[in-house]
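Data first, discussion second: the structure below is written as structure tokens.
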Amino acid sequence: MCNCMYNNSPLCPCSKVPDHVILSGGLNNRYWVVDVEERPGSKTLTISCSKSLHPTETCLLKDGWEMTPVHCGDVVHLEGCSDGGSWLVDREQGFLVLLPDSLISGTSISNSIRCMRRAVLGDMFKSFDGGSKQMLNGTMVHEVFQRAATAKDFSLEKLSKLADEALQGPRYLGDMYALGVSQEEMKQELHDYLPSLQHWANTPSNSRAPSNRQDPATVVTVTELADIEENVWAPRFGLKGKIDVTARVRIQRPRNGSHRMPEENTVPLELKTGKESNSIEHRSQVILYTLMSLERYNPETGFLLYLKTGNMHPVAPSHMDRRELLKLRNTLVHHIHNSVEQEAERSRLSRLPDILTNRQTCQYCPQKRNCALYERAVDPSAADVSEDVVQDLLQQETGHLTLPHLNYFSHWLLLCCLEATTMEAKNSRKRVWLQTVQESEKNGSCVGNLQLSGPVTVQSEGVFLHRFQRSSVASQQGLASGDRIVVSDQEGRLVGLATGYLCEISRKAISCTLDRDLSKFSGVLFRVDGDEGVVGLSTHLTNLSRLMENCPDSDRLRELVVDLRSPEFISNLSSVLPREAKDTVANILKGLNKPQKQAMKKVLLSKDYTLIVGMPGTGKTTTICTLVPALESVEQGGVSNHTEAALIHMLLSLLLKAGCKPSDVGVIAPYRQQLKSISALLQSSAFTGVEVNTVDKYQGRDKSLIVLSFVRSTLGELLKDWRRLNVAITRAKHKLLMVGSAATLRRYTPVEKLLNHLQQENMISFRNYLGTFTELFPSPFLVTARSPLLVSNTSVGFTLSVGTHTTHTVLLSHSLMNYM
DNA sequence: CCTCTGCTAAGAGGA
Ligand code: SF4
Ligand code: SF4
């Protein structure tokens, strides 16, 4: 008789194995849990690797494994050996990997050591504590190391050249800006590491294993850096991760007098730029990496390399280390998969592991707001009944919220979790490692028997064009050019080697762009699988979390979105519509019908937002598309471009820090609205003296340095006048910075000629800044910049920022997102 | 029952 909560009801997951579940025996086995029998100190699972659930085997869990949160209807992987269909997992042998096809990253698991709750929350919500200077430095030192390794050159000259490239390149500028750190400060930080990098690369490392301190040092020589940023999916252990450096090392262990042959081994190296803590978290990461690479090169040991000092710490994992980390993974994956539970036919959020009562850990926890919000969402009385420490945390993080706010949060969190559960069930990524090429090719999402043909060409930074030849001709074809793909080897040893996009596919060959260069695998037989990706709901959940933040922007949004305060409107159109713009707007409105015109008028008067509601086909999209030019003309030339304004602010900050005199700098923009936007950002006293003006105001004068903001991707009426453009670009005595979209501006002959000329003379360089700017807009709804509109990252709407005082938030369906 | 939506991502370090 079953005694679990399903109680043999029709919902009982054991009554049938769902179609999407794939079971198998063998080394990479997948068992369905048919029954769980608990005894004090042990747990016995009845399992089957056949979908008919026949025959069954048993698995005895003990010595702590009985605490594994495994239930009927779970899929498990078993490591170890079975004796005629009965498995034993205990202190000494075997592993049970719960839900192995959910690959968990090494960092998530090492994160769970301190607080399991934090790791679970971290999987749901991206944390965005904005990072820190040290973190950015860490990323940059990693990059310098990796580039030096690729170039096989660790000389100081090369290292400082790479460091300067990283500092000056567009990649990290946005991060530096967001952190308020100048390139100079960053440079000092970064350059501190270069000598020890150089030293490490050029001397064998004496690494002392803690166990044999009395022995003379074991000498480790890195003979080759075999791979950088290796991507590993290890479905046998339910793990994934990116290994900083895969190195071949020679390990010379001294043994009392007798000379031992040095051992050669391929091992993972984990680089750290922070304190040489050799902490349990760092060591755990390495232990997990060695486990993940078991099938690739079976490393006995891994190393932690602290770049500040250049010291290498060996990490030789024991069975116990692996066992305990896999137990943590099982608990983590259990919580991730069971975020929703059923009670009395209703879904509700599951409880998470308890909040720590350790003030120290929670104080610096990047998830503390979500932690408190979640607690109050599942337990409305938590704020009163919890322990003092917990109450303090709840008060501090959620004290500003009302009951409706909390209810809103838990309602949408629940819906997102439900959605995530259905998405997870449909996730077909596991086919890559659970199905053979033949099986996968049948349903069309896979191409196998591929061999590299021809050289790999670098298309751009981190984009490698590969060509493969098919040795067998498949008839079925489900993959099309443009599809997201993942490349693995056919044997299943190198799963998830690279991801990318399919370019061309024919019966005999395919070409694709990948994120890694696979040329060293020339003899390998590959498979390419379509990859729908596992896009979670973390963006939505992060927005939801920010909506609950204690800050003015979020306060206002909560008022509008949760408390449903009615949006306000300006009473009189003429107060926002200047006389000159009347005709233009009237002209624009001509093409619209009456309700559409009414909607337009409402939007023009809107202070908060306007909802345009209508049956399909009533022209909502048309209305909104008309809105854009109308809003543009609402203020005289009221066009502004926040991206460019922010970019100019950043450029000026850097220039002034580099020693430019403010009075030598002039900013030119064709629209007054843009001048206001820029001036608003230049309020701080550092910018006093910088002149911000229209082209006409600069007639007959010049500046040492001119920054020109084009604002629109089209030239607009103002700059179309060739003479005006001429004036604008000839105001600079020493340096001219033009900010705009080169690709689209080139459509105008004068600009095209100008850019071509400058390019020929090698007088201009192009930088791509788009994409680095999301950090610059710390508004609750993360916006990505696209001139001249700010398009929000959520699928529920977007924000138009045009005009002085009004941010028009327009909520609409997906169709417009496509249109844009 | 079907399709479409959305789209690097695992880690950067500090107490
Ligand atoms: S889930 Fe398992 S224990 Fe629960 S009712 Fe179904 S068979 Fe019984
Ligand atoms: S605030 Fe404390 S209890 Fe909550 S997730 Fe963070 S560390 Fe864990």
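Just so we're clear, the structure is a prediction, and the values are computed from it rather than from any experiment. Every chain is numbered from 1, with letters handed out A, B, ... down the list of sequences.
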Send over the distance from [X] [atom1] to [N] [atom2], rounded to a whole Å.
X: A:L304; N: B:dA12; atom1: CG; atom2: C1'; value: 15 Å
X: A:N543; N: B:dG6; atom1: CG; atom2: C1'; value: 13 Å
X: A:D123; N: B:dG11; atom1: CG; atom2: P; value: 13 Å
X: A:E229; N: B:dA9; atom1: CD; atom2: P; value: 15 Å
X: A:D515; N: B:dC7; atom1: CG; atom2: P; value: 19 Å
X: A:N111; N: B:dA15; atom1: CG; atom2: P; value: 17 Å
X: A:R516; N: B:dA10; atom1: CZ; atom2: P; value: 14 Å
X: A:I485; N: B:dC7; atom1: CD1; atom2: C1'; value: 15 Å

For A:N137 and A:H142: C-alpha separation, side-chain torsions, deciding distance, then whether side chain to side chain donor-acceptor pair (under 3.5 Å) applies. CA-CA 8 Å; A:N137 181 57; A:H142 269 75; over 6 Å; no
Salt bridge present between A:D489 and A:R527 (N-O < 4.0 angstrom): no
Would you mind classifying the nucleic acid contact of [X] as base, sugar-phosphate or nothing, using non-hydrogen atoms under 4.0 angstrom?
X: A:S105; result: sugar-phosphate
X: A:G106; result: sugar-phosphate
X: A:K275; result: sugar-phosphate

Heavy atoms from C-beta onward define the side chain here; which of [options] lies closest to that of [X]?
X: A:R484; options: B:dC7, B:dG14, B:dG6; result: B:dC7
X: A:T107; options: B:dA12, B:dG11, B:dG14; result: B:dG11
X: A:K426; options: B:dT5, B:dA12, B:dG14; result: B:dT5
X: A:E270; options: B:dA12, B:dG6, B:dA10; result: B:dA12
X: A:T273; options: B:dA10, B:dA12, B:dG14; result: B:dA12
X: A:Y289; options: B:dG13, B:dG11, B:dC7; result: B:dG11

Who are the side chain to side chain contact (heavy atoms under 4.5 Å, CB included) partners of A:H337, not counting sequence neighbours? A:L99, A:S102, A:V333, A:E424
Verdict with supporting geometry, A:D321 and A:R283, salt bridge (Lys or Arg N to Asp or Glu O under 4.0 Å): CA-CA 10 Å; A:D321 294 330; A:R283 299 176 65 82; over 6 Å; no
For the pair A:Y306 and A:M312, evaluate side chain to side chain contact (heavy atoms under 4.5 Å, CB included) and give the outcome as yes or no after the intermediate values. CA-CA 6 Å; A:Y306 288 97; A:M312 281 227 286; over 6 Å; no
Specify the closest pair of heavy atoms between A:G492 and A:E295, including all atoms of both residues, with the distance to one decimal. O-OE2, 4.3 Å
Per the under-4.0 Å heavy-atom filter, residues of residues 135-151 of chain A near DNA chain B come out as A:M135, A:G138, A:T139, A:H142
Looking only at the aromatic ring of each residue, does the gap between the centers of A:F145 and A:F154 stay below 6.0 angstrom? yes
Please collect all salt bridge (Lys or Arg N to Asp or Glu O under 4.0 Å) contacts where either partner lies in residues 269-281 of chain A, sequence neighbours excluded, each pair once. A:R114-A:E281, A:E270-A:K272
When A:Q134 and A:N231 are each assigned the nearest nucleotide of DNA chain B, the 5'-most assignment goes to A:N231
